[in-house]
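Heads up, the thing below is written out as structure tokens.
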Number of protein chains: 2
Amino acid sequence: MKAPRDVPNALLESLKSLGLTKYEALVYIGLLRTAGATATEVHEISGVPRASVYPVLDRLVQKELVSVSHTTPKRFDAVPPDQGVENLMRRIESDAQSARTALDALYREKGPGGRGDQELVWTIYGEENIRTRLAGMFRSAERSVEVLATWDLLRESMLELLDPVPDSVSVDIVTERWEGEQPSRFRLHVLPLAVLQEIRFPADKLLPYERSGVFLVDDARALLWMEGADGQPSALYSESAGLVLFVRRHITTVTEWARAGVQ
Amino acid sequence: MKAPRDVPNALLESLKSLGLTKYEALVYIGLLRTAGATATEVHEISGVPRASVYPVLDRLVQKELVSVSHTTPKRFDAVPPDQGVENLMRRIESDAQSARTALDALYREKGPGGRGDQELVWTIYGEENIRTRLAGMFRSAERSVEVLATWDLLRESMLELLDPVPDSVSVDIVTERWEGEQPSRFRLHVLPLAVLQEIRFPADKLLPYERSGVFLVDDARALLWMEGADGQPSALYSESAGLVLFVRRHITTVTEWARAGVQ
DNA sequence: ACCTTGTTGTTACTGTAGCAACAACATTTA
DNA sequence: TAAATGTTGTTGCTACAGTAACAACAAGGT
């Protein structure tokens with residue numbers, strides 16, 4: 001009779017998000033460590049009240065995580081972890097798939113119309129979301145793409161997104177340094193930009209170096225990539241004249257300053 | 001102001017298993033159909049109480065499913081469905097991954113020992129689980145593998161599992177027909193087996209044709225593949241002398257009958 | 001200016017469902 | 001009989017579902 005050794009809380013949370021309850025997780029974990037246990041043994045190992053063990057085991061069998069013996073008393077055994085997790089994931093994947101198609105049908109009903117994008121400033125959370133928004137901007141560029149960003153950000157997230165930009169579109173990139181081959185496709189400006197480097201404010205406090213950047217397409221759509229101290233990226237996107245003008249000025253001014261050696 | 005058209009219940013369930021609540025699902029669906037809606041509009045579209053809309057939207061932003069504008073009043077927009085679903089799946093996948101490794105660590109602690117597999121009859125649910133058990137049996141075969149199964153089952157699930165059987169092990173396969181090339185690796189017995197074909201019982205009722213089969217390894221470990229009328233496969237596995245002997249007799253008898261033309 | 005009207009965003013409260021936890025009891029096995 | 005098994009019912013708890021009310025603010029009319 002092993003002790004109901006306590007289980008890392010993170011593991012319980014993970015299993016919960018796979019659709020298990022606390023008890024189901026505890027019982028499954030307990031069974032992994034003891035093959036062929038009776039219900040009472042499961043209770044002792046997992047710390048789950050004995051009366052609750054029976055319905056929990058039923059559910060776990062239903063979810064294909066444990067198998068049952070035909071003895072009396074019944075004995076239970078856990079499916080190996082990698083396969084058990086896969087059994088759970090299979091259901092979720094299938095739900096995800098059907099949700100995707102059903103949602104997509106609803107989504108296509110409405111055209112891209114609506115005042116959605118005009119004259120509003122949107123905040124976008126999550127790197128993935130920002131990247132797809134940027135990809136959409138670049139793909140639909142008609143005249144110009146202007147980029148002012150830290151090298152870290154460019155290298156990690158940007159360069160591949162710039163591939164789909166049509167050839168007829170001019171691409172200007174401003175950054176503080178460049179490693180590796182310089183692509184001829186873009187007009188590249190490597191400038192020692194103070195705004196892109198470490199900053200002290202107030203004078204005695206060093207602000208952490210962040211990945212950041214601004215992006216302007218066709219002088220009409222702008223995106224600001226920000227990154228909080230926690231490393232969570234977020235962005236502002238807008239087609240409003242106000243923000244576009246601000247970004248326009250920002251890029252121009254910073255470039256001019258750097259060129260003039262103001263630093 | 002569109003009607004809060006009711007949403008297919010299956011979709012709500014799918015989204016719930018991806019970690020959303022009912023309200024979160026309704027609001028997200030509503031936003032997919034109306035770009036840049038205010039909180040009140042979201043309330044009208046989704047049918048979610050207006051007061052509940054605010055915390056729900058907060059959570060959706062947190063989960064990277066919607067973006068927010070910086071106007072007053074705030075306006076909200078949904079991330080496109082395929083990407084939204086992927087944002088949800090990313091979290092789940094990562095949970096699954098960490099769960100897998102953590103569980104595996106626990107799992108390896110206990111050796112394969114224990115009375116787990118001896119003298120007990122186990123029921124295994126789910127085709128995947130049965131297949132992995134069979135794979136394990138075949139892989140560890142030392143002398144003989146005997147298979148008596150319907151052709152449907154053999155073709156769909158079995159043949160690839162037999163690949164890892166060591167060369168020194170004799171493999172006997174009994175089935176009611178064979179399509180395609182006959183492998184020389186196995187001793188093959190194609191016999192018109194009544195047990196594997198349609199059966200009437202009682203005389204006027206036709207039992208549905210099922211995929212079924214019995215498997216015997218080294219005369220020591222047996223697995224019975226059953227399939228209920230609902231098509232859900234399940235299996236019995238045992239190393240007990242009783243069941244092994246039963247399967248031993250079953251295979252022998254059936255083969256003898258068929259050979260003698262008893263039909 | 002003032003009052004009205006309607007909307008926004010927030011807070012508090014009630015109801016409900018599913019799970020967690022406990023107690024008691026009938027049934028079987030030794 | 002004693003011990004363990006399997007079942008039922010009750011209670012508490014928590015997160016979500018749903019309702020009501022309110023302060024803050026803007027627009028419009030007199």
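Convention: sequence-line order gives letters A, B, ...; per-chain numbering from 1. Keep in mind that the numbers below use all heavy atoms, side chains included, and drop hydrogens, waters and symmetry copies.
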- Does any donor atom in the side chain of T38(B) or T40(B) lie under 3.5 Å from an acceptor atom in the other side chain? no

- Gap between atoms CD and C1', on E41(A) and dA4(D) respectively (whole Å): 11 Å

- Does a donor on one side chain sit under 3.5 Å from an acceptor on the other, for S17(A) and D95(B)? yes

- Whole-Å gap separating P (dA17(C)) and OH (Y23(B)): 13 Å

- Query: Checking all strands, does P49(B) fall into the base, sugar-phosphate, or nothing category for heavy-atom contacts under 4.0 angstrom?
  - Reply: base

- Note on the structure: The residue, R59(B) or A51(A), whose nearest nucleotide of DNA chain D is more 5′ is A51(A)

- To the nearest Å, how far apart are H43(A) NE2 and dT5(D) P? 10 Å

- Query: Is a salt bridge present between R211(A) and E127(A), judged by a nitrogen-to-oxygen distance below 4.0 Å?
  - Reply: yes

- Message: Between C1' on dC25(D) and NZ on K74(B), what's the gap in Å once rounded to a whole number?
- Response: 16 Å

- Sidechain N-carboxylate O distance under 4.0 Å for E13(B), K16(B): yes

- Note on the structure: Whichever of F76(B) and K16(A) has the more 5' nearest nucleotide on DNA chain C, that residue is F76(B)

- dG6(C) P sits how many Å from R50(B) CZ, rounded? 14 Å

- Task: Could you check which of dG9(C), dA17(D), dC22(C) has an atom nearest any side-chain atom of A39(B)?
- Result: dG9(C)

- Message: Given dC16(D), dT8(C), dA20(C), identify the nucleotide with an atom nearest to the side chain of T21(A).
- Response: dA20(C)

- Go through dT7(D), dA17(D), dA20(C) for me and flag the one nearest to the Y54(A) side chain. dT7(D)

- Message: Considering every strand and a 4.0 Å limit on heavy-atom distances, what is the contact class for T72(B): base, sugar-phosphate, or nothing?
- Response: nothing

- Nearest-angstrom distance from the residue atom CD of E24(A) to P of dA21(C): 14 Å

- Query: Within this structure, what is the CG-to-C1' distance between L20(B) and dA17(D), rounded to whole angstrom?
  - Reply: 16 Å

- How is S52(B) classified with respect to the nucleic acid when contacts are heavy atoms under 4.0 Å: base, sugar-phosphate, or nothing? base

- Query: Hey, are E44(A) and R50(A) close enough for a salt bridge, meaning a charged N less than 4.0 Å from a carboxylate O?
  - Reply: no

- Message: Using whole Å, what does the distance between atom C1' of nucleotide dC16(D) and atom CG of L15(B) come to?
- Response: 16 Å

